[in-house]
Amino acid sequence: MTAYTEVIPLAQPVIGPEEEQAVLEVLRSGHLSLGPRVPAFESAFAARIGARHASAVSSGTAALHLALRAVGVGEGDEVITSPFSFVASANAILYERARPVFADIDPRTLNLDPDAAAAAITGRTTALLPVHIFGYPADLPAFERHGLPIVEDACEALGAVHADGTNVGGRGHPATFGFYANKQITTGEGGMVCMGSAEHKVRIDAERNQGRAPDMGWLDHDRLGFNYRLSDVACALGSAQLDRLDALLADRARVAGCYGAALADAAAERGLGLPCPDAGGDVRGWFVYVVQLPGDADRDATILALRERGVQSKPYLPAIHLMSFYRERFGHRPGEFPVCETVAARSVALPFFPPMTQSQVARVAEALTDVLSHVTDAR
Ligand SMILES: Cc1ncc(COP(=O)(O)O)c(C=O)c1O
């Protein structure tokens, strides 16, 4: 085993003097919340996506919750969604006492399979919630054909573009973004809903702020709301991050390209699965670099062996329907969504962040190839 001097982390935000200056200005202004930085961030974000409206909120999860309420999801409704996602996309449906109805995923894109989703539609289906997983655009035109309300989970997909040239999040459906520290841009914690409907914008703005409509006085509330606000400090940070989005996306795409080249042999010789390349005009907004281990590789042992070689990695993502809470509440069992379950059992996220160098990628690729050679040579 080669000695290493540096542990390569999974993710690393890019924060520079511009972000420091932007945050400092807000701190000095004394206007830390409900101030001018919120609409400024929203307008810049909406313009970048090509959405009519945007509402900044405290997290991607809060964005999903308010978006589902805006399209009318309520108690007893069914919402069709992907079991291969971060748990928040299904949890948000439960917040409204509706039922997440899972359908299997497409083995290439790992997104909700439109045919499987269509087969799951019933008279109680109120909305579809496709997830643009790992930044790869979900097949929105196929979902739009049903004429049902759609909420898009675009929390991982800032910068992704559909084949028809629309940005992911810019088609008019409420679409949610997340700004946790590993995302394409970060505000530490934070989120955004993009949407085409002015009514949705009014409702979401009221509900993120305890149910207070814009024309009402402080402590005057006409409906149930939440505290899902995003502070001016966070919005200033978000605007500064948005200014460098193109460079961040280009760097992520560069790192992904380096991985593709460095792992090509492991893919050809060892059966390592790599993220699908862009096809049919869809463009991924790179978020994570997730590989599928060969069927005979022990994932836990692989992750441990990578750690011993100074490389962080993690299983990503587990199947939601097989999490204990979902099993117990809904009686889900292994075998229901075989594509998702196979992918979830094999997937590993490798270190991936914009300033990652070619030699860091090479080190990860060498370590992984070495670890896999031990597993697969034993065949
Ligand atoms: C697909 C997906 N949906 C929702 C979320 C929730 O976002 P947040 O962590 O900002 O609440 C995330 C964040 O990791 C995500 O990856």
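Keep in mind the model is a prediction, meaning the values are calculated, not measured. Every number for a ligand or one of its atoms is a count from 1 in the order of the listing.
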Would you please indicate yes or no on a ring centroid separation below 6.0 angstrom for Phe84 and Tyr316?
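Ring-ring flag for Tyr316/Phe84: false, centres at least 6.0 Å apart.
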Using salt bridge (Lys or Arg N to Asp or Glu O under 4.0 Å) as the criterion, list what pairs up with Asp113, not counting sequence neighbours.
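Per chain and number, Asp113 pairs via salt bridge (Lys or Arg N to Asp or Glu O under 4.0 Å) with no residue.
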So what's ligand 1 close to, N/O to N/O, under 3.5 Å?
from, atom 1, to, atom 2, distance (Å)
ligand 1, 3 (N), Asp153, OD1, 3.3
ligand 1, 3 (N), Asp153, OD2, 2.7
ligand 1, 10 (O), Gly60, N, 2.8
ligand 1, 11 (O), Gly60, N, 3.4
ligand 1, 11 (O), Thr61, N, 2.9
ligand 1, 11 (O), Thr61, OG1, 2.5
ligand 1, 14 (O), Lys183, NZ, 2.7
ligand 1, 16 (O), Glu156, OE2, 2.6

Could you check whether the rings of Tyr289 and Phe352 sit parallel, tilted or perpendicular, using 30° and 60° as the cut-offs?
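If you compare the ring of Tyr289 with that of Phe352, the planes turn out tilted.
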Only pairs at least two apart or in different chains count here, so list each side chain to side chain donor-acceptor pair (under 3.5 Å) that has a residue in residues 234-247.
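Pairs touching residues 234-247 that pass the test: Glu18-Arg244, Glu19-Gln241, Glu19-Arg244, Arg48-Asp246.
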Can you run down the side chain to side chain donor-acceptor pair (under 3.5 Å) pairs that involve residues 173-192, sequence neighbours left out, and say none if there aren't any?
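Checked against side chain to side chain donor-acceptor pair (under 3.5 Å) - neighbours excluded - the pairs reaching residues 173-192 are Glu144-His173.
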In terms of side-chain geometry, is the basic nitrogen of Arg124 or Glu78 positioned less than 4.0 Å from the acidic oxygen of its partner?
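Judged by the 4.0 Å cut-off on N to carboxylate O distance, Arg124 and Glu78 do form a salt bridge.
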